[in-house]
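Report on the structure given below.
Chain identifiers are assigned alphabetically (A, B, ...) following the order of the sequence lines, protein sequences preceding nucleic acid strands; residue numbering begins at 1 within each chain. What you see is a predicted model, and the numbers here were worked out from it, not measured in a lab. Heavy atoms only: backbone and side chains are in, while hydrogens, waters and symmetry mates are out.
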Amino acid sequence: MSVNLTLLLVMGALYACGIYLVLERSLTRVLLGLMLLANATNLLILATGGYAGLAPLYSKDVAAQDYSDPLPQALILTSIVISFAVTSFMLGIIYRTWVLARRDEIQDDVEDLRVAETPSFDAEDDAEIPAETSEFPLTMLGTDGYSVSNHPAHRSGGGSATAGGEASPEGGHGTGGATLMAGGREISAEQAAAEEKPGSTNVAPGPEGGGQ
Amino acid sequence: MNLASLAPLAVLLPILGAALTFLLIRHTRAQRAVSIALLSLTLLLECVLLASVWDGGTVAVTIGGWLPPWGIVLVVDQFSSLMLVVSSAVSLAVLVYATGQGMADGDQDAPVSIFHPTYLILVAGVSNAFLSGDLFNLYVGFEILLTASYVLMTLGGTGPRIRAGVTYVVVSVVSSVLFLISIAMVYGATGTITMADLAIKLGELDQGTRTLLHVMLLVAFGIKAAVFPLSFWLPDSYPTAPAPVTAVFAGLLTKVGVYAMVRTETLLFPGDSLNTPLMVAALLTMVVGILGALAQSDIKRLLSFTLVSHIGYMVFGLAMSSVAGLGAAVFYVAHHITIQTSLFLVTGLIERRGGSSSVDRLGGLAKLSPLLALLFFVPAMNLAGIPPFSGFLGKVGLMQAGVELGTPLAYALVIGGVVTSLLTLLAVARVWNRAFWRRPSDAEHPDPVLLAPPAGRATGPGAKANTVTLLPRTMVGSTVGLVVLGVALTVFAGPLFTVSDQAAQDMLDRSSYIQAVLGEDTEVPLIVTAGGGK
């Protein structure tokens, strides 16, 4: 069985592009990807038919091996029709998604959304890990403004982004006497910790809903 | 002329019905009558087919006068005709249920005028896939049922359905492309796509090519059957569809994938040792699926996970490739189609009666509707495999076959199967305790329907009319029918096991299938076991 190298290369390129597009989040691109995959498969079926010969209309003078294999072509025809139906259905779905959500993207699963919308700040779970989002490093403080760790040395050595940097890591052990540099002036650690807590008036609520 | 030559009608009748109901799109009443009548006729025909091949008389029908291996053949053997009968019985019950729902709802939620033609095309696709004796025709059957299922899945075009539909369509199309690629490669390697012919010619290929083709086909079918690593799309997409649609999907679509896997394993690649990976996949499917079910609070999602989990049992039976294992798998498929569908139908009723399908919101249903409780209890216990139900018998069959095989992996699967069965019991018992036994006021956010005073029974007509709208007689009736069918599978388990064992025997022997298609004097090659797996 001989095969056409150009066809094979085109098929490979189509498969590569198709797989890339199917993995996108935009529905239109996914559809284009599916179409490329279907067409690449059609080329693959064509390749299995061997070289192109004469039209398979029976004539006494032609040897059997000179004909093209008609079966792959029949298969391709069927698969083209099927992919046509699927494509038009997908277009309908994409349009409907656009009408409903005004976005050409696959929407998130409701159950997944429910998990994602659970506030990331949990008073019980997150108390010991201050949400350090400012560019000014803070000492490791609990929500009550006091240090939660009794081992400042371990903290600074542990690679924690909060304790590192220019702020003095020894400030954590005290009972509110610690100060740190913030915005060019020195503020007490308690105030700094309050900034980080949800509900602080100085902090705009982030995308995680911490401001609620 | 053999009666089994009527086999093409099993595909033609539903398609004809689809065309008729499509013409009658403005006459809802006539549409219902036509679709129910034609589906009943199909069921009758398929019973005749089953009876005519009962004693092992496999029949091949060549379509259009093109002889195999060139033309398309439909093959009726015991396995395919048994699947046809069970699937048609189930789809008839679901159709009646859906009709009842449409009549009760006044067709607001779902455009039922589209429902009937699409549903019949789905049935035609399923029948075609079961009957097909040709790999490409099998692909066409898959596509017919999938395209119909896309429409049914997104019926009404609401946000959640569209979202679930996108996942479903993309996954299905990718699996179909994989199937088509496998067909192209099979054709390239052997020059034929008639399954009986392939059964002979694939054996002549070298081991590497054969394994490649085998794996590709199994992956393509594994996505459709929702075998573990390929099963994540299912619980995500099924629960959002309308109740009858979910029911018929759960019953039939994954089983078509299992059917195709069975044919691949027994007819096309017998003796190739992919049994070990299949067994591992079966174990993971069972355990991971049921663990997912335990985490769910929505009954539909929970049932979708048990559906995935119980596919593992069938793959287990298939992977043993012994008569006992395969026979038990065939029995289990028939049992599971019926039970899973009836559970989804009951969930639809629960949703109507209790206002929700989330167990957090339900309560007290046993008191409000004892019939509903009974309808849930019987198939739920059946699914969990409590004796004396058919679920128990099927599982015992699988365990026996596993112990007979006696390898460490088989023992692991037997243990996994028992654990899965117990966890299924736990999952459905949780539903039972919450939705049926506790007081409605104990639920977290009970639906107002549940809290309404139960005085209606005594006081009369107003309340009674209310109950009728909540649970229309047609819907309850069809669910009762299906549950009774499930119980009948228990009562007639003996003859059914005889048929399924015979079917398994024939499938493993292959000669009756191949000779029915290619002629009596075809030489059936002996099965070469690779690696001494048995």
Rounded distance (nearest 0.5 Å) linking atom [atom1] of [X] with atom [atom2] of [Y]:
{"X": "B/Ser172", "Y": "B/Glu143", "atom1": "OG", "atom2": "CD", "value": "8.5 Å"}
{"X": "B/Leu145", "Y": "B/Leu152", "atom1": "CG", "atom2": "CG", "value": "10.5 Å"}
{"X": "B/Ile299", "Y": "B/Arg430", "atom1": "CD1", "atom2": "CZ", "value": "11.0 Å"}

- Item | Axial cation check for B/Phe142 ring with B/Lys224, 6.0 Å and 45° limits | yes
Counting only non-hydrogen atoms closer than 4.5 Å, does [X] touch chain B with its backbone (N, CA, C, O), its side chain (CB onward), both, or neither?
{"X": "A/Tyr15", "answer": "side chain"}
{"X": "A/Leu100", "answer": "side chain"}
{"X": "A/Ile45", "answer": "both"}
{"X": "A/Ile82", "answer": "side chain"}

Note: vs chain A, highest number of non-hydrogen pairs under 4.5 angstrom among B/Thr167, B/Val174, B/Thr147, B/Val151 is B/Val151
Query - Donor on one side chain, acceptor on other, A/Ser79 and B/Tyr139, under 3.5 Å - result: no
Between [options], which has the largest tally of heavy atom pairs under 4.5 Å with chain B?
{"options": "A/Val22, A/Leu75, A/Asn42", "result": "A/Leu75"}
{"options": "A/Leu34, A/Leu46, A/Leu37, A/Leu31", "result": "A/Leu34"}
{"options": "A/Leu71, A/Val86, A/Val30", "result": "A/Leu71"}

The interface call for B/Ile193 against chain A, heavy-atom contacts under 4.5 Å, is side chain
Under 4.5 Å to a heavy atom of chain A? For B/Tyr150 that would be both
> Would you say the side-chain atoms of B/Ser304 pair up with the backbone N or O of B/Pro235, donor to acceptor, closer than 3.5 Å?
Replying inline: no
Inset, instruction - Kindly indicate, with the supporting measurements, whether the criterion salt bridge (Lys or Arg N to Asp or Glu O under 4.0 Å) is fulfilled by B/Arg210 and B/Asp206. - result: CA-CA 6 Å; B/Arg210 257 174 30 169; B/Asp206 64 297; over 6 Å; no
